Amino acid sequence: MERVNVERSCSMCNIPIVFGRCKQCKSAYYCSPVCQLLDWQTHGLLCAAFTKFKQKKRPSKNHFRAILFPVDREEPQVIWLLCRWHREEGEERDQYPDVKPFTGTDTHTAIERITKGSDSIYVCYRGTFLIDGSHRNRSVSAITATELQLPFDWRGPIVAYGGKGLGQGPSACRDLDVDDFRHIAALFISRGIPLVPVLPTRPARKSICDHCVIL
């Protein structure tokens with residue numbers, strides 16, 4: 001872990017106290033080595049790919065760094081996503097990410113918004129993935145496998161991108177980083193059913209006092 005002195009929240013527990021950041025990707029911050037260790041199973045799925053991708057040249061000013069969760073591989077991919085401006089009365093109003101090349105043009109795209117401070121993360125997937133024959137998403141399964149749970153059956157390709165502000169759609173897009181990835185992973189995990197082990201219990205025994213019970 002690389003020691004830093006910045007005002008950020010821990011990527012794992014969200015406590016606004018930062019002890020250091022990941023030496024490799026430099027975009028995930030932690031309050032302690034314990035939180036970094038707990039996050040590694042998820043963080044490690046994207047850390048190296050994100051670090052390598054940062055060196056790539058941006059194709060245009062309208063391309064932003066996004067994350068693709070492919071169906072056929074366990075590792076998420078960092079991609080450039082084209083976000084075109086919508087012009088109204090000669091002015092650029094809102095940016096519309098072109099996710100159809102990834103999610104497909106044969107169905108509508110469902111979008112979920114995640115709040116991150118004063119900004120948003122948008123997760124896009126096929127709106128009919130449970131009934132249209134989409135294959136199970138292996139890269140999301142690799143994330144949900146890090147938790148003791150019965151995971152939700154995420155299917156089909158999924159794309160996540162960042163937006164400035166808290167609107168239902170972004171007025172302007174922004175680059176995603178590995179800290180955003182942790183928030184997206186939390187969304188995937190939250191849809192599962194936790195498997196809490198049931199501990200055996202002993203029958204209650206009466207004590208000397210009839211009004212007290214020893215457990």
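Worth saying up front: this structure is predicted, and the values here are computed from it rather than measured.
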Using distance only, find each side-chain donor-acceptor pair of residues 48-57 under 3.5 Å and give its atom names and separation, not counting sequence neighbours.
from  : atom 1 : to    : atom 2 : distance (Å)
Thr51 : OG1    : Gln24 : O      : 3.4
Thr51 : OG1    : Cys47 : O      : 2.8
Lys54 : NZ     : Cys25 : O      : 2.9

Please tabulate, one pair per line, all N/O donor-acceptor pairs under 3.5 Å involving side-chain atoms of residues 182-189, not counting sequence neighbours.
from   : atom 1 : to     : atom 2 : distance (Å)
Arg182 : NE     : Asp39  : OD1    : 2.9
Arg182 : NH2    : Asp39  : OD1    : 2.5
Arg182 : NH2    : Thr42  : OG1    : 3.4
His183 : ND1    : Asp179 : O      : 3.1

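Shortest non-hydrogen contact noted between Leu166 and Gly117 is CD2-O, 3.8 Å. Among all heavy-atom pairs drawn from Ile67 and Pro76, the shortest one is CG2-CB, 4.0 Å. Smallest separation of non-hydrogen atoms from Cys10 and Tyr30: SG-CA, 3.7 Å.
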Derivation of the side chain to side chain contact (heavy atoms under 4.5 Å, CB included) call for Gln95 and Cys173 = CA-CA 7 Å; Gln95 279 189 304; Cys173 293; 3.5 Å; yes
Might you work through the side chain to side chain contact (heavy atoms under 4.5 Å, CB included) test for Thr128 and His108, ending with a clear yes or no?
-> CA-CA 8 Å; Thr128 56; His108 72 278; 4.0 Å; yes
Apply side chain to side chain contact (heavy atoms under 4.5 Å, CB included) to Thr109 and Lys100, showing your working.
-> CA-CA 8 Å; Thr109 301; Lys100 285 294 187 180; 3.3 Å; yes
Might you work through the side chain to side chain donor-acceptor pair (under 3.5 Å) test for Lys164 and Ser171, ending with a clear yes or no?
-> CA-CA 7 Å; Lys164 296 179 180 179; Ser171 56; over 6 Å; no
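Counting only heavy atoms from C-beta outward, the side chains of Ser27 and Cys22 never approach each other to under 4.5 Å. When side chains are defined from C-beta on, Trp80 counts as touching Asp175, because their heavy atoms get closer than 4.5 Å. Side-chain contact between Ser139 and Glu75: absent, with no pair of heavy atoms (C-beta onward) separated by less than 4.5 Å. Within the 4.5 Å cutoff, side-chain heavy atoms of Arg113 are placed close to those of Gln168.
Shown here is His135, whose NE2 atom has no more than 12 heavy atoms of other residues, nucleotides or ligands within 6.0 Å. Around atom CZ of Arg84, no more than 12 heavy atoms belonging to other residues, nucleotides or ligands sit under 6.0 Å away.
The backbone N or O of Thr115 lies less than 3.5 Å from no partner atom in the side chain of Ser120, so there is not a single donor-acceptor pair.
Within the structure, the side chain to side chain donor-acceptor pair (under 3.5 Å) test picks out the following pairs touching residues 144-153 (sequence neighbours left out): Arg136-Asp153, Asp153-Arg155. Pairs passing the salt bridge (Lys or Arg N to Asp or Glu O under 4.0 Å) check and including a residue from residues 185-194, sequence neighbours excluded, read Glu112-Arg191.
A side-chain donor from one of Arg126 and Ser134 sits under 3.5 Å from a side-chain acceptor of the other. Counting only N and O atoms by type, the side chains of Ser60 and Asn62 include no donor and acceptor under 3.5 Å apart.
Atom-to-atom distance recorded for Ser9:OG and Ile15:CD1 is 9.5 Å, nearest 0.5 angstrom. Cys35 SG to Asn14 CG: the interatomic distance, rounded to the nearest 0.5 Å, is 10.5 Å. For the atom pair Asn137 CG and Phe129 CZ, the distance stands at 9.5 Å (nearest 0.5 Å). The line from CZ of Phe69 to CZ of Arg138 is 15.0 Å long, rounded to the nearest 0.5 Å. One distance of note links CZ of Arg8 with OH of Tyr29; it measures 5.0 Å at 0.5 Å rounding. Separation of atoms CZ (Phe19) and SG (Cys31) is listed at 10.0 Å; rounding is to 0.5 Å.
Hydrophobic cluster membership differs between Val178 and Met12, with clusters built from Ile, Leu, Val, Met, Phe, Trp and Tyr side chains linked at under 4.5 angstrom. Residues Phe181 and Leu176 share a hydrophobic cluster, clusters being chains of Ile/Leu/Val/Met/Phe/Trp/Tyr side chains in contact below 4.5 Å. Linking Ile, Leu, Val, Met, Phe, Trp and Tyr residues whenever their side-chain heavy atoms come within less than 4.5 Å leaves Leu150 and Phe152 in two separate clusters.
The hydrophobic cluster around Ile79 extends to Leu68, Leu81, Val99, Phe102, Ile111, Tyr122, Val159, Tyr161, counting ILVMFWY residues whose side-chain heavy atoms fall within less than 4.5 Å of a member. Cluster partners of Leu82, using a side-chain heavy-atom cutoff of under 4.5 Å among ILVMFWY residues and allowing indirect links: none.
Taking the charged nitrogens against the carboxylate oxygens, Asp180 and Arg174 do have a contact shorter than 4.0 Å, which makes a salt bridge. Comment: Asp177 does not engage Arg65 in a salt bridge, judged by the lack of any side-chain N to carboxylate O separation of less than 4.0 angstrom.
Within the 6.0 Å centre-distance limit, the rings of Tyr125 and Trp154 are counted as a close aromatic pair.
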